[in-house]
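Here's the structure, in structure tokens; my notes come after.
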Amino acid sequence: MWAVRGLLLVLVLVLAQSDPQTETPTEALLAEEGQPCVRGAGPRCGPGLECFRANKKSKTGVCMCKSTHEVCGSDGVTYKTPCALKSANNRRDQELQLEPVTVKGKGRCPSAPLIVTPPGEVYNVSGSQVYLSCEAMGVPTPVLTWNKVSPRVELLPGDRDNLAATGWLLISPLTEAEQGSYECHASNSQGATSAVGAIHLVQSLEDISVKRGTHSDL
Ligand SMILES: *[C@@H]1O[C@H](CO)[C@@H](O)[C@H](O)[C@H]1NC(C)=O
């Protein structure tokens, strides 16, 4: 009955359903995170939670976790708060009678890097400024490095002074020597992954739309 719904709906329900019998809270009446709480009557917030009211005068509020940091569970899942982990355990108990999840550590669970924005392909003329971008997610934050992988393998930035490499690979001015494929490599303590993009030199700006349209490689 106390399923989490829109806050207003919940508050309306609280006012409508508060009856004298709920005044003595038992274990079963302890509210979970996000559920309503009423001063002096009705459900009280469970352990680790406090009743948060919009203002001092209002009688009803919502149970909020006292700690607001994320935690990593023994199931490898990141929970928004320690209370969210506890709530998940309560549901697991009832449904499947599984081993309870314990807190493995404060903060997000460690995870291997995942490249969310791989470098694409760019076409431009000699002397122009081009860049490839790469974005990776992971815990801890992945370290990004770039390698040129064709026509020859080259660690970047190497000794090139027209090139800067961070989350972006910026080349200015573009010369024939920079044509080729570039690999964005993301690594952290949990693993490593990479994705490849390419830079193409074209004769004139008119070639860019043509090259894009036909997907031809230089
Ligand atoms: C091509 O080079 C010009 C001049 O440097 C630059 O303004 C433009 O953004 C570049 N286009 C692409 C697709 O990189």
Side-chain angles (χ1 to χ4, degrees), residues 1-118 134-144 167 186-195:
M1 186 198 280
W2 299 110
V4 182
R5 298 177 198 193
L7 179 57
L8 279 175
L9 179 57
V10 168
L11 292 178
V12 168
L13 280 173
V14 169
L15 294 170
Q17 311 271 333
S18 304
D19 61 72
Q21 275 172 339
T22 57
E23 266 173 25
T24 31
T26 63
E27 189 65 29
L29 279 172
L30 291 178
E32 288 186 4
E33 190 175 24
Q35 294 183 324
C37 43
V38 183
R39 200 208 309 257
R44 304 233 169 117
C45 297
L49 297 163
E50 62 192 343
C51 192
F52 180 83
R53 295 179 181 83
N55 60 61
K56 285 195 180 111
K57 280 180 192 153
S58 57
K59 229 182 136 191
T60 58
V62 173
C63 295
M64 306 264 272
C65 202
K66 282 178 189 163
S67 26
T68 55
H69 61 267
E70 291 174 314
V71 289
C72 176
S74 53
D75 55 352
V77 173
T78 300
Y79 293 87
K80 273 199 140 47
T81 62
C83 307
L85 185 149
K86 202 175 274 178
S87 300
N89 267 337
N90 290 344
R91 279 190 295 276
R92 278 161 59 93
D93 283 355
Q94 286 159 15
E95 287 164 18
L96 301 156
Q97 298 178 333
L98 295 167
E99 284 277 294
V101 175
T102 57
V103 175
K104 230 170 111 185
K106 209 171 159 174
R108 304 186 68 79
C109 293
S111 64
L114 182 73
I115 293 181
V116 289
T117 312
C134 184
E135 193 190 346
M137 278 178 13
V139 180
T141 303
V143 173
L144 295 182
S187 70
N188 68 11
S189 56
Q190 304 301 307
T193 187
S194 58

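Below, each value reflects all heavy atoms present in this structure, side chains not excepted, and no hydrogens, waters or symmetry copies. Only a predicted model underlies this, so the values are computations on that prediction, with no experimental measurement involved.
Of the two cysteines examined, Cys51 and Cys37, the SG atoms meet the criterion of being under 2.5 Å apart.
Between Glu33 and Cys65, the shortest heavy-atom distance links the atoms OE2-CB, 3.4 Å. Heavy-atom minimum distance, Ala186 versus Ile115: CB-CG1, 4.3 Å. Minimum heavy-atom separation, Gly73 to Leu85: CA-CD1, 3.9 Å. Here the closest non-hydrogen pair linking Pro36 and Ala31 is O-CB, 3.7 Å. Minimum heavy-atom separation, Pro142 to Asn188: CA-CB, 4.1 Å. Smallest separation of non-hydrogen atoms from Arg53 and Lys59: NE-O, 3.5 Å.
Although no hydrogens or angles enter the test, the distance criterion places no donor-acceptor pair under 3.5 Å between the side chain of Thr193 and the main chain of Pro113. A donor-acceptor pair under 3.5 Å is absent between the side-chain atoms of Asn89 and the main chain of Pro100, judged by distance alone. In this structure a side-chain-to-backbone donor-acceptor pair under 3.5 Å is missing from Thr102 to Ser74.
Side-chain atoms of Pro82 and His69, non-hydrogen and from C-beta on, do get closer than 4.5 Å to each other. Between Val62 and Gln35, the closest side-chain pair of non-hydrogen atoms is not below 4.5 Å.
Here Glu70 pairs with Arg108 under the side chain to side chain donor-acceptor pair (under 3.5 Å) rule; sequence neighbours left out. Considering only residues two or more places apart in sequence or on other chains, Thr117 meets the side chain to side chain donor-acceptor pair (under 3.5 Å) condition with Glu135.
Here the CD atom belonging to Gln190 is positioned 7.5 Å from the OG atom belonging to Ser111, to the nearest 0.5 angstrom.
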Stepwise, does the side chain to side chain contact (heavy atoms under 4.5 Å, CB included) test hold for Met64 with Leu49? CA-CA 5 Å; Met64 306 264 272; Leu49 297 163; 5.9 Å; no
